[in-house]
Amino acid sequence: ARVLGSGKTVLANFLTESSDITEYSPTQGVRILEFENLHVTSNNKGTGCEFELWDCGGDAKFESCWPALMKDAHGVVIVFNADIPSHRKEMEMWYSCFVQQPSLQDTQCMLIAHHKPGSGDDKGSLSLSPPLNKLKLVHSNLEDDPEEIRMEFIKYLKSIINSMSESRDREEMSIMT
């Protein structure tokens with residue numbers, strides 16, 4: 001999920017090691033990025049997991065498509081530009097649409113405060129109101145510390161895989177009892 005002009009597409013390309021887009025162009029509808037992460041495994045074989053990252057356009061004209069985008073989603077990453085105050089208000093709407101309505105757990109959602117090049121990296125002054133303040137929040141600055149956000153994203157993917165495995169185990173146990 002995204003809000004307009006947050007830098008999410010550049011971030012998505014970086015995290016999935018896709019081709020780099022240098023010019024800003026609003027995402028039209030959705031762009032699906034398929035990628036494998038060798039650091040995230042779901043079994044003892046040590047093979048990496050395959051993921052689909054759905055890069056969703058933030059324009060309200062695509063709102064009719066959102067239910068289809070949310071179907072069977074296991075996690076939601078909300079990216080916002082920390083330097084634009086209106087983005088914080090829009091995040092509440094995104095959280096409601098993409099996390100609360102499909103009944104995802106807060107642990108399945110991560111917020112990324114993306115700092116564009118030259119905007120500074122003022123992590124200390126960012127305060128969010130409930131319920132957003134309960135979510136995992138990480139800061140992204142691809143200019144100063146790109147590996148930090150990559151490591152946080154890998155941790156997030158691992159947590160999603162773990163929660164899926166636990167859910168599957170619970171289902172199997174309920175069938176057996």
Side-chain angles (χ1 to χ4, degrees), residues 1-9 11-12 14-16 27 30-33 35 37 39-42 49-60 62-63 65-115 121-141 145 147-174:
R2 67 168 280 187
V3 285
L4 289 172
S6 62
K8 180 211 37 73
T9 291
L11 184 60
F14 171 76
L15 293 173
T16 61
T27 302
V30 67
R31 197 175 60 111
I32 301 173
L33 300 170
F35 67 103
N37 193 298
H39 300 285
V40 184
T41 60
S42 64
C49 288
E50 292 184 357
F51 297 91
E52 284 184 357
L53 189 150
W54 290 41
D55 179 2
C56 170
D59 197 309
F62 301 119
E63 189 171 352
C65 303
W66 294 347
L69 302 183
M70 291 182 276
K71 188 178 183 321
D72 298 329
H74 296 107
V76 174
V77 178
I78 300 175
V79 181
F80 66 102
N81 185 331
D83 305 311
I84 300 178
S86 65
H87 278 198
R88 298 185 197 183
K89 192 66 183 169
E90 290 177 48
M91 283 167 44
E92 294 175 15
M93 180 269 294
W94 284 92
Y95 174 76
S96 174
C97 288
F98 280 80
V99 181
Q100 289 182 316
Q101 288 179 28
S103 299
L104 292 179
Q105 301 297 312
D106 284 348
T107 53
Q108 292 172 276
C109 181
M110 179 169 75
L111 303 178
I112 299 181
H114 187 58
H115 300 268
D121 193 3
D122 190 8
K123 296 180 182 180
S125 67
L126 184 58
S127 61
L128 301 174
S129 56
L132 299 176
N133 63 350
K134 298 183 296 181
L135 303 174
K136 168 83 172 170
L137 169 66
V138 297
H139 290 262
S140 164
N141 188 324
D145 195 354
E147 289 312 308
E148 181 181 1
I149 187 61
R150 193 190 304 277
M151 295 311 296
E152 290 290 349
F153 187 63
I154 289 170
K155 281 196 279 188
Y156 171 69
L157 294 178
K158 286 179 178 178
S159 73
I160 294 295
I161 292 296
N162 288 338
S163 68
M164 288 173 61
S165 296
E166 289 168 8
S167 176
R168 191 166 47 244
D169 290 347
R170 281 193 300 273
E171 287 176 16
E172 289 174 1
M173 288 301 291
S174 68

Subject >> SG-NZ distance between C109 and K134, expressed to the nearest 0.5 angstrom >> reply: 11.0 Å
Original post:
Can you tell me how far CZ of F51 sits from CZ of F153, rounded to the nearest 0.5 angstrom?
Top reply: 7.5 Å
Original post:
Between H115 (side chain) and N141 (backbone), is there a donor-acceptor pair under 3.5 Å?
Top reply: no
**OP:** Apply side-chain contact (heavy atoms from CB on, under 4.5 Å) to K136 and list each qualifying residue two or more places apart in sequence or on a separate chain.
**Re:** M110, V138, E152
**OP:** Nearest 0.5 Å please: distance from the CD1 atom of I161 over to the CG atom of N37.
**Re:** 9.5 Å
Original post:
Which value, rounded to the nearest 0.5 Å, describes the distance between F80 atom CZ and S140 atom OG?
Top reply: 10.5 Å
Subject >> Exercise: identify the closest heavy-atom pair between L128 and N133 >> reply: O-CB, 3.2 Å
Original post:
Got a second to check how far T16's OG1 is from L33's CG, nearest 0.5 Å?
Top reply: 4.5 Å
Subject >> Over 12 non-hydrogen atoms of neighbours within 6.0 angstrom of CE in M93 >> reply: yes
Original post:
Where do N81 and H87 come nearest, in terms of heavy atoms and distance?
Top reply: N-ND1, 3.0 Å
Donor-acceptor pairs under 3.5 angstrom involving side-chain atoms of residues 96-108: please list them, not counting sequence neighbours.
residue	atom	partner	partner atom	Å
D106	OD1	Y95	OH	2.5
Q108	OE1	Q105	N	2.8
Q108	NE2	H74	O	2.9

**OP:** Any chance you could measure F62, atom CZ, to C56, atom SG, to the nearest 0.5 Å?
**Re:** 8.5 Å
Subject >> Heavy-atom closest contact (A73 atom, L69 atom, distance) >> reply: CB-O, 4.5 Å
Original post:
For I154 and H39, which heavy atoms make the closest approach, and how far apart are they?
Top reply: CD1-CD2, 3.7 Å
Subject >> L132 versus L111, closest heavy-atom pair with distance >> reply: O-CD1, 3.8 Å
